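Encoded as structure tokens, the structure appears first; notes follow it.
Note that this is a predicted model, so its numbers are computed, not measured. Per chain, numbering begins at 1; letters A, B, ... match sequence-line order.
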Protein chains: 2
Amino acid sequence: MAVTIKDIAKAAGVSVTTVSRALNGYRDIHPNTRKRVLKIAQELNYRPSGIARSLVMKRSQTIGLIVSEMTHSRMGHHFLFDVICGVNDQATTLGYDLILATTSPHEQQVVPYMELCHRRQLDGVILLGVRTHDPYLQEVLQSSIPCVLIDVPVSGERCSHVTLDNREGAHQAVAHLIRDGHRHIGFINGHREAFVSEERLQGYRLALKEAGLTGEERVFYGDFDEASGSEGARRLLAEHPDLTALFCASDLMAIGAMRELKAMGKKVPQDISVIGFDDIDLAHYVTPALSTVHQPRYQFGTQAVDVIVNLLKGEKEEPVVLAPELLIRESSGSMPVLEKR
Amino acid sequence: MAVTIKDIAKAAGVSVTTVSRALNGYRDIHPNTRKRVLKIAQELNYRPSGIARSLVMKRSQTIGLIVSEMTHSRMGHHFLFDVICGVNDQATTLGYDLILATTSPHEQQVVPYMELCHRRQLDGVILLGVRTHDPYLQEVLQSSIPCVLIDVPVSGERCSHVTLDNREGAHQAVAHLIRDGHRHIGFINGHREAFVSEERLQGYRLALKEAGLTGEERVFYGDFDEASGSEGARRLLAEHPDLTALFCASDLMAIGAMRELKAMGKKVPQDISVIGFDDIDLAHYVTPALSTVHQPRYQFGTQAVDVIVNLLKGEKEEPVVLAPELLIRESSGSMPVLEKR
DNA sequence: TTGTACGCGTTATCAG
DNA sequence: CTGATAACGCGTACAA
């Protein structure tokens with residue numbers, strides 16, 4: 001059906017070797033021969049077969065983006081889409097194709113990591129959304145194919161990661177609240193199986209400690225989504241009515257918390273301040289606009305590709321840790337100390 | 001490096017043919033031989049090469065999802081992500097791999113459609129975000145590989161599409177406004193190069209016509225994003241101060257319009273009603289919550305895959321037209337006739 | 001039931 | 001500068 005280099009060879013009266021050389025820009029070929037071959041290839045509307053090339057070259061110019069729990073995980077599209085865009089754009093720029101695959105903690109038990117990679121001859125893999133105990137984490141390290149994890153601080157021989165300085169991000173947010181006069185600050189964290197949760201907890205603790213508030217640790221573990229934010233607010237305030245600020249490990253939880261606070265008759269930020277994490281689109285559309293810690297999601301994607309491509313060249317890659325940025329909007333403010341006491 | 005059927009054959013003392021047959025579940029093979037082969041394959045940790053298989057089978061079990069203007073187009077992730085999820089999930093379910101590729105009106109001129117398809121031996125393609133004058137539209141129809149367009153009402157021999165009944169969606173929204181007493185209804189449409197724009201315009205017109213409001217057509221063409229919604233509101237109200245309702249071809253434009261209206265000192269919905277289109281997440285987070293026409297985005301994806309897979313089987317496929325659903329929230333309401341006059 | 005031989009489209013090796 | 005020839009990993013007539 002489709003025209004191959006064999007057809008071109010025939011039409012040009014040369015061997016396939018020569019055609020291949022002409023097409024791939026080798027130097028040891030007569031300029032005229034090349035021109036003729038190129039012209040015929042053009043006329044015949046020749047398109048190279050990446051498949052065949054992959055088979056013989058043993059590399060596919062393809063990277064896999066494996067996302068665990070794409071639909072349900074973390075903030076769903078609020079977080080994932082930008083990362084995917086970044087990965088896609090940069091992969092395209094660097095001449096790689098992108099295969100999108102999804103999995104889940106369960107799926108990971110039935111389909112081995114290497115199965116996915118080998119089937120498609122993936123040159124490298126970017127892994128997104130894996131939890132601390134997921135099977136793939138081990139398999140990745142044992143695998144011979146380069147991999148970069150996003151938001152999972154694991155590295156190895158052919159393995160690196162890109163993430164945010166989550167500790168610093170949480171620290172900035174909580175330190176800001178403290179500067180605003182808050183002394184009783186609750187923390188609605190993500191679930192324990194996310195690496196970022198531990199890091200953000202550390203940032204929260206650090207900020208409290210710096211302010212001599214060590215005994216004031218109030219943590220609730222949610223699962224990053226809105227409903228758990230509501231629950232967190234309810235629980236924390238039931239146990240600790242003196243809380244004047246809430247720091248949340250995701251914007252979605254912050255929004256859930258704000259909804260709950262409103263239902264409780266508390267005004268944000270007059271009665272209680274709220275700061276989120278992620279800076280998803282919603283954050284500046286809700287009322288009041290949500291103060292939050294911005295994550296450069298698109299960059300996560302582009303950087304991950306950069307790292308994987310370097311890994312592919314055999315270079316050892318240091319992890320990439322991006323900087324958070326605290327954005328203060330309307331949901332946080334000074335604690336009304338004077339009025340209250 | 002990796003273990004092949006050749007290795008298995010050697011280890012099992014049979015020919016590669018036998019191995020191939022055993023692995024692929026053929027019947028004409030001795031049960032014991034099969035067991036032995038399977039066992040050895042297992043022990044050797046064999047993984048089949050999809051690449052090699054694709055080469056010989058001439059199909060890759062891969063479908064391409066080609067998105068034009070992924071980052072900038074239409075509502076960006078608000079629309080795309082869910083579709084991608086649907087495509088991905090259903091493709092996985094049906095045993096297909098997914099290659100994600102992006103393009104743009106400009107890119108389409110430099111990289112021919114068939115280039116993309118052939119390089120990866122795509123079995124079929126789902127095309128998203130193409131405009132009325134995009135080059136790929138023609139190429140798709142000439143191509144021999146099956147394709148389904150999303151939101152582009154074009155069909156052919158090996159080509160079908162899935163879309164919303166946009167005309168009906170717009171009609172429902174505008175008819176609803178009319179039932180609420182509105183007589184002067186502006187329409188902020190998307191740009192002219194989107195197929196859906198024309199369809200929604202028809203729905204708007206139909207509703208006006210049914211109410212004997214033919215002369216009341218007030219249309220502004222935006223480009224689906226927030227800023228153009230603001231501009232639309234400004235322009236329309238400047239020229240037609242008597243407007244008491246605005247129907248917008250996207251939620252983003254509706255949100256932009258509401259922002260502008262607020263700036264103009266108009267209250268929604270007391271002074272003017274607003275209805276959007278899409279039902280993106282933002283719609284029910286903004287204040288007032290946005291009335292809108294819901295699109296089953298995830299279904300767009302799954303249906304597209306279903307259609308493409310049937311097309312692959314050689315079946316002729318009818319276009320899929322999904323039903324819109326009007327959701328009335330807070331941004332629209334009865335026209336305050338009595339108070340005003 | 002099993003094996004031989006060939007082909008898929010391409011690149012690489014090595015002579016000429 | 002060019003051309004046989006052999007891979008790459010797998011499926012499949014055809015034979016045995």
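End-to-end axis angle for the helix from C:dT1-D:dA16 to C:dG16-D:dC1, using five pairs per end and rounding to 10°, comes out at 40°.
Residues passing the side chain to side chain donor-acceptor pair (under 3.5 Å) test with A:Ser160: none are found, sequence neighbours excluded. Contacts of B:Arg36 classified as salt bridge (charged side-chain N to carboxylate O under 4.0 Å, His left out), with partners at least two apart in sequence or in another chain: none. Taking B:Glu193 as the reference, B:Arg131 meet the salt bridge (charged side-chain N to carboxylate O under 4.0 Å, His left out) condition, with sequence neighbours excluded. With sequence neighbours excluded, the residues forming a salt bridge (charged side-chain N to carboxylate O under 4.0 Å, His left out) with A:Lys39 are A:Glu43, listed by chain and number. Residues that satisfy the side chain to side chain donor-acceptor pair (under 3.5 Å) test with A:Arg297, not counting sequence neighbours, are A:Asp82.
For the pair A:Met57 CE and D:dC8 C1', the interatomic distance rounds to 12 Å; values are reported in whole Å. C:dG9 atom C1' lies 7 Å from atom OH of A:Tyr46, rounded to whole Å. The nearest whole Å value for the distance from the CD1 atom in A:Ile51 to the C1' atom in D:dG9 is 12 Å. Atom CG of A:Leu55 and atom P of C:dA12 are 13 Å apart (whole Å). For A:Arg59 and C:dA12, the CZ to P distance is 9 Å, given to the nearest whole Å. Nucleotide D:dC10 holds its P atom 10 Å from the CG atom of B:Asn24, rounded to whole Å.
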Please tabulate, for side-chain N and O atoms in residues 299-307 of chain A, each donor-acceptor pair with protein atoms closer than 3.5 Å (sequence neighbours left out).
residue  : atom : partner  : partner atom : Å
A:Thr302 : OG1  : A:Gln299 : O            : 3.2
A:Asp306 : OD1  : A:Gln90  : NE2          : 2.7

Without placing hydrogens or testing angles, list every side-chain donor-acceptor pair under 3.5 Å for residues 19-26 of chain A, not counting sequence neighbours.
residue : atom : partner : partner atom : Å
A:Ser20 : OG   : A:Asn24 : ND2          : 3.4
A:Asn24 : ND2  : A:Ser20 : O            : 3.1

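At the phosphate of C:dT11, OP1 or OP2 sits under 4.0 Å from a side-chain N or O atom of A:Ser20. Contact check, B:Lys58 against C:dG9: a side-chain N or O comes under 4.0 Å of OP1 or OP2. A close approach under 4.0 Å does not occur between any side-chain nitrogen or oxygen of B:Arg53 and OP1 or OP2 of D:dC10. When the side-chain nitrogen and oxygen atoms of A:Lys6 are compared with OP1 and OP2 of C:dG7, none of them lie within a distance under 4.0 Å. Note on B:Tyr26: a side-chain N or O is less than 4.0 Å away from OP1 or OP2 of D:dT12.
What you find for A:His118 and B:Ala2 is that their closest heavy atoms are CE1-CB, 3.1 Å.
Counting only N and O atoms by type, the side chains of A:Asp123 and A:Thr62 include no donor and acceptor under 3.5 Å apart.
Of the candidates C:dT10, D:dG11, D:dC10, C:dT10 carries the atom nearest the A:Ile5 side chain, counting heavy atoms from C-beta on.
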Exercise. Could you run down nucleotides 1-6 of chain C 5' to 3' and tag each one B, S or - for protein heavy-atom contact under 4.0 Å?
Worked result: BBBBB-
